[in-house]
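Right, one structure below, let's go through it.
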Amino acid sequence: MLHTPLVNWHEAHNGRMVDFAGWRMPVQYSSIVEEHLATRHAAGMFDVSHMGRLTIRGHHAVNWLDALLSRKILGMRVNQCRYTLITTEDAILDDAIVSREPDDADGSPCLGLIVNASNRQRVVEWFNTRVPKEGVTLEDRTSETAMMAIQGPRAVDIVGSLLEVKESQRLAKLSTYTLMHTMIVGHSAMISRTGYTGEDGVEIVVPASVVREVWEEIYDAGVPQGLHACGLGSRDTLRLEAGMPLYGHELTESSNPFVIGLGFAMTLKDHTFPGYDHFAAMKSAPDSQVRVGLVFDSKRTARTGCEVFSDETRIGTVTSGSFAPSLGKAVAMAVINCEEAREGNSVEVMVRGSKQTGRVTPLPFYKRN
């Protein structure tokens, strides 16, 4: 099992450790609900070092990567980030965040790619079979770096308090899906205005050798402002409330991205990528299903794979479900037939052998002010 550089800190602070995608990770420290609400109202701090971090360099790097991603990246500004999919001729390998980082000293472009822990190895293998002999280098920097997410309405202020004044002001002005390189508590860091919780916040990448010092400084600065260390449990309930897809649930190898609301990550004009024809055909076909939210009156949770019915007819499948602490109710995301997807429509979900009534609702379940 793989360990992040913060594993000893998690264990020392009563993190309940589990195996996640081959990594030993904290699922919670106190309670999932407490950590969830702390992130919504103040700030939550997450170790996300298990995520894959790749760097692509070279004079041909931009054109090469552009031809392998579903979303066009030609023309991205330096310090800009973008959500994309990584596809083969007939499948989706992963979803990812691509960033256009400052050029190297020789003037050649540099790009970053954040991928899911469970898919990192096969994504790297896929890219490696396509790296040209010259003009492009691909580095897997997952083990030599570490990554943390600080999310919530006080997150930017907490992190900014550890930067020099000008850098703190620069962070405050940083727009969503952009990044900056700076120094934090004496160490170089890349800070991006990104996250996976539906809240404002940042994600920070630092060398693995210094991450514990940086983590502890942020933690100590944030606790007086209500910051909590958070595990994978609350990260999942937060992203569910925010209606964000998760690979292996809403998004799979065989998913239709236009059905699940990820059509924006497919650039089909003036752009080609592996599987272009396959996905273009999906877009041109009439949609028969759509991803929706379901809200239940009880706290009983519908899980991934539960079947959805209307008048005894099966109309879809739950992709993710949980109790939603911000709503005080159980919710789920599901892919169902379009004719049953009208807001307020009553459906039934088979939960552990009995049917539970839910109502169709637009996504996301929660949206910050």
Side-chain angles (χ1 to χ4, degrees), residues 51-101 103 108-142 177-179 192 194 196 244-287 289 291 335:
M51 302 289 286
R53 290 172 294 284
L54 314 180
T55 298
I56 300 94
R57 288 188 161 93
H59 292 288
H60 303 313
V62 175
N63 287 330
W64 177 78
L65 190 59
D66 181 73
L68 289 175
L69 298 180
S70 70
R71 195 168 181 188
K72 190 173 183 177
I73 64 169
L74 287 175
M76 280 181 66
R77 302 183 308 276
V78 171
N79 294 334
Q80 184 179 3
C81 307
R82 188 167 286 176
Y83 178 86
T84 185
L85 302 177
I86 303 170
T87 59
T88 66
E89 293 301 327
D90 58 1
I92 300 173
L93 281 183
D94 203 4
D95 59 346
I97 300 293
V98 59
S99 57
R100 180 72 162 86
E101 300 186 15
D103 292 347
S108 60
C110 179
L111 300 108
L113 203 64
I114 305 295
V115 300
N116 283 296
S118 58
N119 293 326
R120 175 174 64 95
Q121 184 172 348
R122 68 174 185 167
V123 166
V124 170
E125 290 172 354
W126 166 258
F127 282 147
N128 275 334
T129 63
R130 287 152 181 80
V131 174
K133 292 182 179 179
E134 297 180 352
V136 177
T137 61
L138 173 68
E139 304 169 61
D140 183 351
R141 304 185 65 231
T142 306
Y177 272 75
T178 61
L179 62 86
S192 59
T194 54
Y196 195 51
M244 294 178 168
L246 175 64
Y247 196 94
H249 291 258
E250 289 68 42
L251 182 63
T252 66
E253 284 191 355
S254 59
S255 288
N256 181 330
F258 305 97
V259 165
I260 59 176
L262 296 181
F264 71 91
M266 288 268 162
T267 305
L268 298 177
K269 182 179 180 182
D270 301 325
H271 179 58
T272 58
F273 54 91
Y276 174 91
D277 291 340
H278 174 75
F279 293 104
M282 285 184 172
K283 181 175 174 58
S284 62
D287 288 340
Q289 292 193 310
R291 178 166 62 103
V335 175

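In what follows, every heavy atom counts, from backbone to side chain, and hydrogens, waters and symmetry copies are set aside. These figures come from a predicted structure and were not determined experimentally.
For Arg57, the salt bridge (charged side-chain N to carboxylate O under 4.0 Å, His left out) partners are Asp104, Glu139, not counting sequence neighbours. Considering only residues two or more places apart in sequence or on other chains, Tyr83 meets the side-chain hydrogen bond (donor to acceptor under 3.5 Å, both in side chains) condition with Asp95. Checked against salt bridge (charged side-chain N to carboxylate O under 4.0 Å, His left out), Asp140 has the following partners two or more places apart in sequence or in another chain: Arg120. Taking the salt bridge (charged side-chain N to carboxylate O under 4.0 Å, His left out) definition, one finds that Arg122 meets it with Glu253, sequence neighbours left out. Residues forming a salt bridge (charged side-chain N to carboxylate O under 4.0 Å, His left out) with Asp103 (at least two apart in sequence, or on another chain): Arg100.
Annotation: the span from Leu74 atom CG to Asp66 atom CG amounts to 3.5 Å, rounded to 0.5 Å. For the atom pair CD1 (Ile114) and OG (Ser192), the distance works out to 7.5 Å, reported to the nearest 0.5 Å. Note that CG of Leu246 and CG of Leu251 are 8.5 Å apart. Values are rounded to the nearest 0.5 Å. Met244 CE to His249 NE2: the interatomic distance, rounded to the nearest 0.5 Å, is 16.0 Å. Rounding to the nearest 0.5 angstrom, the gap separating the CD atom in Glu101 from the CG atom in Asn79 is 8.0 Å. Atom-to-atom distance recorded for Ser70:OG and Ile92:CD1 is 8.0 Å, nearest 0.5 angstrom.
For the pair Asp94 (side chain) and Asn119 (backbone), a donor-acceptor distance under 3.5 Å is absent. The backbone N or O of Lys72 sits less than 3.5 Å from a side-chain atom of Thr267, completing a donor-acceptor pair. Using modelled atom types, no side-chain atom of Arg82 and backbone atom of Gln80 make a donor-acceptor pair closer than 3.5 Å. Judged by distance alone, with hydrogens and angles left aside, the side-chain atoms of His60 form no donor-acceptor pair with the main-chain N or O of Leu65 at under 3.5 Å. No donor-acceptor distance shorter than 3.5 angstrom exists from the side chain of Asn116 to the backbone of Ser118, with no hydrogens or angles considered. Although no hydrogens or angles enter the test, the distance criterion places a donor-acceptor pair under 3.5 Å between the side chain of Thr87 and the main chain of Pro274. Under a 3.5 Å cut-off, the side chain of Tyr247 and the backbone N or O of Ala96 do not form any donor-acceptor pair. A donor-acceptor pair is defined here as one N or O able to donate and one able to accept, closer than 3.5 Å; such a pair exists between the side chain of Arg291 and the backbone of Ile260.
Here the side chains of Met76 and Val98 are in contact, with some heavy-atom distance below 4.5 Å. With contacts defined as side-chain heavy-atom distances shorter than 4.5 Å, the pair Ile97/Tyr177 qualifies. Taking the side chain as every heavy atom from C-beta outward, Ile56 and Thr137 never approach each other to under 4.5 Å. By the 4.5 Å heavy-atom criterion applied to side chains, Met282 and Pro257 are counted as neighbours. In this structure the side chain of Val62 never reaches within 4.5 angstrom of the side chain of Trp64, judged on heavy atoms. Here the side chains of Ile86 and Val115 are in contact, with some heavy-atom distance below 4.5 Å. Residues Leu111 and Thr55 form no side-chain contact, since every pair of their non-hydrogen atoms from C-beta on lies 4.5 Å or further apart.
When all heavy atoms of Gly58 and Ser108 are compared, the closest pair comes out as C-CB, 3.8 Å. Residues Ala281 and Ser284 approach most closely at O-OG, 3.0 Å, considering heavy atoms. Nearest approach of Phe258 to Leu268, heavy atoms of both residues: CZ-CD1, 3.9 Å.
Ring to ring, His278 and Tyr276 are not that close: their centroids are 6.0 angstrom or more apart.
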What side-chain donor-acceptor pairs closer than 3.5 Å can you find for residues 123-130, not counting sequence neighbours?
{"from": "Glu125", "atom 1": "OE2", "to": "Gln121", "atom 2": "NE2", "distance (Å)": "3.3"}
{"from": "Asn128", "atom 1": "ND2", "to": "Val124", "atom 2": "O", "distance (Å)": "3.4"}
{"from": "Thr129", "atom 1": "OG1", "to": "Trp126", "atom 2": "O", "distance (Å)": "2.7"}
{"from": "Arg130", "atom 1": "NH1", "to": "Trp126", "atom 2": "O", "distance (Å)": "3.0"}

